[in-house]
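Here is the structure we will look at, set down as structure tokens.
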Amino acid sequence: MGNTIAQKIIRDHLISGNLTPGSEIALKIDQTLTQDATGTMAYLEFETMGIPQVKTEFSIAYVDHNTLQCGFMNADDHQYLQSVAAKYGVRFSRPGNGICHQLHLERFGKPGKTLIGSDSHTPTGGGLGMLAFGAGGMDVAVAMGGGAYYINMPKLYKVELTGKLNPFVSAKDAALKLLQILSVKGGVGAIIEWGGPGVKTLTVPERATITNMGAELGATTSIFPSDEQTRIFLAAQGREADFIPLESDPDAEYDRIIPIDLSELKPMIACPHSPDNVVEVASLKNVKVDQVCIGSCTNSSLVDMLKVAAILKGKTIAPGVNLSISPGSRQVLSMLASCGALNDILSSGARLLECACGPCIGMGFSPNSGGVSLRTFNRNFLGRSGTKDANVYLVSPETAAASALAGCICDPTTLPPIPEISLPAHFAIDDSSVLQPLPPEEAAKAEVLRGPNIKPFPKGAPVTDTIAAELVLKVGDNITTDHIMPAGAKVLPYRSNIPKMSEFCFEVCDPDFPARAKAAGQGIIIGGSNYGQGSSREHAALVPMYLGIRAVVTKSFARIHVANLINAGILPLTFRNKADYDLFAQGGKLTISGILEGMNSGTVTMTDDAGHTAQLNCILTERQKAILLAGGLLAYTKENS
Ligand code: MIC
Ligand code: SF4
């Protein structure tokens with residue numbers, strides 16, 4: 001039997017394990033990336049390892065999330081990141097240079113390589129034929145130190161593309177279509193490979209839009225072949241030497257094949273408040289729009305922006321609409337400016353924002369109360385925009401531009417034709433905003449700058465045989481990391497300050513939670529299915545750990561979050577019988593017993609003071625057990641180095 005694309009890269013990077021789905025594998029990591037909102041923790045963790053220089057082929061620190069500097073906090077973080085990167089052999093992409101995933105695609109990603117990043121949308125690199133994973137900061141720190149990255153070998157799904165996209169239908173619509181088919185849980189435990197004859201019609205940035213949104217499916221990662229389109233893109237970025245061809249063998253086998261005919265696709269839209277709440281744009285009639293935002297790591301490439309400019313050219317946006325544009329990188333912005341397209345966008349009445357995540361993570365441009373916001377982004381979770389009662393929809397750049405002009409949700413296929421827009425033969429290359437690290441002899445003496453916003457991270461405690469604690473919070477299905485540890489302009493500046501961040505934990509669900517958890521001293525959380533979906537932010541584990549949470553019991557977990565819980569020393573357990581979820585009431589006194597034995601047998605028992613009992617799965621690899629018994633990944637790494 002032949003190999004799929006992912007199997008080929010995994011075989012090339014396998015340190016231990018075998019490719020049986022579900023079993024643990026250890027992978028050698030070639031490249032790492034961090035962004036500022038998760039990066040400060042990752043480098044604080046790396047520093048504790050006492051390694052003088054990173055051991056990867058390439059590591060880079062981007063600054064794109066917290067670029068609003070209201071007070072000293074974000075500026076302190078940027079300064080810390082710049083100085084720590086210079087000291088340890090990491091490149092540093094200056095604030096304003098662009099969004100990590102767009103920049104990595106343009107300048108540094110390479111087909112056939114492995115990449116982990118402290119951001120859940122790191123699989124964007126799959127658009128170039130990389131095997132790229134989102135991970136918690138501690139996993140990235142370990143990889144920078146030359147350690148392996150551990151995952152359970154995923155199943156392999158293939159999306160078989162046929163046909164070709166029609167005008168005004170875009171790669172975003174294919175990504176939304178797959179979310180409609182599979183849901184936000186449908187990719188859990190799987191790598192999604194995109195293949196079939198339709199693949200060759202998609203450019204690398206279009207492919208990257210699709211692999212980016214694989215994160216919303218819960219997929220371990222998504223990947224495209226490396227082919228002529230990949231060569232063309234790399235050559236246009238002056239990087240043809242990075243090209244290698246890579247495709248699945250004709251007799252490769254997949255666990256599931258999902259056909260999508262690109263010619264049949266219609267413009268799609270994800271309705272509030274989940275990326276899988278997808279319908280055809282044409283089915284929504286007369287929905288008035290207050291705000292339209294174009295950008296984010298999903299849709300901020302040059303071609304996306306040129307299409308928007310062509311739709312807006314010579315027209316004015318509806319009076320009731322505020323339109324924001326955030327180009328994905330300085331390269332995109334400077335090319336838009338030099339060809340005049342930026343002027344077409346601005347003349348329509350759009351507001352130009354920085355080349356950064358911006359409104360996607362609630363960093364400015366929040367909608368009005370109860371407002372309708374159409375966004376070319378990838379997540380529309382409740383409250384993420386910064387306005388709790390806003391209704392956020394996810395769309396393609398074409399639908400966003402058409403709707404900004406119409407003032408209501410508008411199917412772009414009803415617009416008059418625009419000229420065909422293709423990739424430029426040469427992108428404008430200027431890497432001057434990517435700073436090189438210090439030479440090793442100077443690095444040893446260099447000082448790392450730590451302003452008052454940089455606080456040490458909390459230490460975990462080893463898991464014990466019995467956990468007796470209050471059920472301090474019970475939540476339902478599909479709880480996202482935005483529920484657990486909200487982002488936005490108010491909270492993000494404290495990403496390097498866990499005690500301060502803890503004041504906002506679960507704010508969207510239950511503002512009293514932090515005080516209650518602190519008062520209880522030790523706590524347990526119960527959740528429904530797909531607990532922890534969304535971001536890779538390890539704060540969603542570190543902060544509960546700081547608030548005394550010792551175990552989280554759910555119907556099921558999202559992949560990155562469960563790894564982050566273990567790394568933080570919190571015991572993740574699942575109900576053997578999902579109906580037992582209903583037995584336990586918030587405020588009850590829970591006892592989980594037989595944990596040390598249960599870590600081997602796979603079962604522990606939970607009882608409460610009202611006399612209920614449930615059997616819980618405690619499925620852990622040997623390495624995960626050792627991490628929990630050590631009190632978290634950092635303690636484990638120290639013990640084993
Ligand atoms: C997100 O899109 O939710 C973020 C903000 O990029 C996160 C990372 C973070 O929380 O800092 C992610 O996707 O991992
Ligand atoms: Fe930034 Fe939004 Fe992409 Fe996250 S999803 S990396 S916040 S642009």
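The figures here come from the full heavy-atom set of this structure, side chains too, leaving out hydrogens, waters and symmetry mates. Just so you know, ligand 1 is whichever comes first in the structure, and atom 1 is the first atom listed for that ligand.
- In this structure, a donor-acceptor pair under 3.5 Å is present between the side chains of Glu354 and Thr67.
- Of all protein heavy atoms, the one closest to atom 1 (Fe) of ligand 2 is Cys357 SG, 2.3 Å.
- When each atom of ligand 1 is checked for a heavy atom of His65 under 4.0 Å away, the hits are 4 (C), 5 (C), 6 (O).
- The distance from atom CG of Leu492 to atom CE of Met501, rounded to the nearest 0.5 Å, is 6.5 Å.
- The closest side-chain donor-acceptor pair between His101 and Tyr62, if any, does not fall under 3.5 angstrom.
- Of the protein's non-hydrogen atoms, the one nearest atom 2 (Fe) of ligand 2 is Cys360 SG, 2.3 Å.
- In this structure, Asp431 pairs ionically with Arg107, as a charged nitrogen and a carboxylate oxygen lie closer than 4.0 Å.
- Close contacts of ligand 1 with Ser536, meaning ligand atoms under 4.0 Å from a residue heavy atom, involve 12 (C), 14 (O).
- Residues Thr203 and Glu206 bring a donor and an acceptor atom of their side chains to less than 3.5 Å of each other.
- A salt bridge between Arg537 and Asp482 is present, with a side-chain N of the basic residue lying under 4.0 Å from a carboxylate O of the acidic one.
- When Ala135, Ser120, Ser118 are checked for heavy-atom proximity to atom 13 (O) of ligand 1, Ser120 turns out nearest.
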Test log, rule side-chain hydrogen bond (donor to acceptor under 3.5 Å, both in side chains), inputs Glu538 and His561: CA-CA 7 Å; Glu538 62 187 336; His561 186 61; over 6 Å; no

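- Contact annotation: for Asp119 versus ligand 1, heavy atoms closer than 4.0 Å belong to both the backbone and the side chain.
- Within the listing of ligand 1, atoms 9 (C), 10 (O), 11 (O) sit less than 4.0 angstrom from a heavy atom of Arg495.
- Per-residue contacts place Asn378 under 4.0 angstrom from the following atoms of ligand 2 (heavy atoms of the residue considered): 5 (S).
- Using a 4.0 Å cut-off between heavy atoms, Arg384 contacts ligand 1 through its side chain alone, with no backbone atom that close.
- Among all protein heavy atoms, the one lying closest to atom 4 (Fe) of ligand 2 is His65 NE2, 3.8 Å.
- Using a 4.0 angstrom heavy-atom cutoff, Met485 does not count as in contact with ligand 1.
- The contact set between ligand 2 and Asp119, taken as ligand atoms under 4.0 Å from a residue heavy atom, comprises 6 (S).
- Among Lys113, His13, Lys110, the one residue that satisfies the side-chain hydrogen bond (donor to acceptor under 3.5 Å, both in side chains) test with Asp30 is His13.
- Remark: ligand 2 atoms within the under-4.0 Å shell around heavy atoms of His121 are 5 (S).
- Below 4.0 Å from some heavy atom of Ser535 lie the following atoms of ligand 1, by number and element: 3 (O), 7 (C), 8 (C), 9 (C), 10 (O), 12 (C), 13 (O), 14 (O).
- For ligand 1, the polar-atom distance check against Asp482 finds no nitrogen or oxygen pair separated by under 3.5 Å.
- Looking at Cys297, Cys100, Gly117, it is Cys297 that brings a heavy atom closest to atom 3 (Fe) of ligand 2.
- Counted by atom type alone, Asn453 and Asp77 present one or more donor-acceptor pairs between their side chains at under 3.5 Å.
- Using a 4.0 Å cut-off between charged side-chain N and carboxylate O, Lys490 and Glu507 make a salt bridge.
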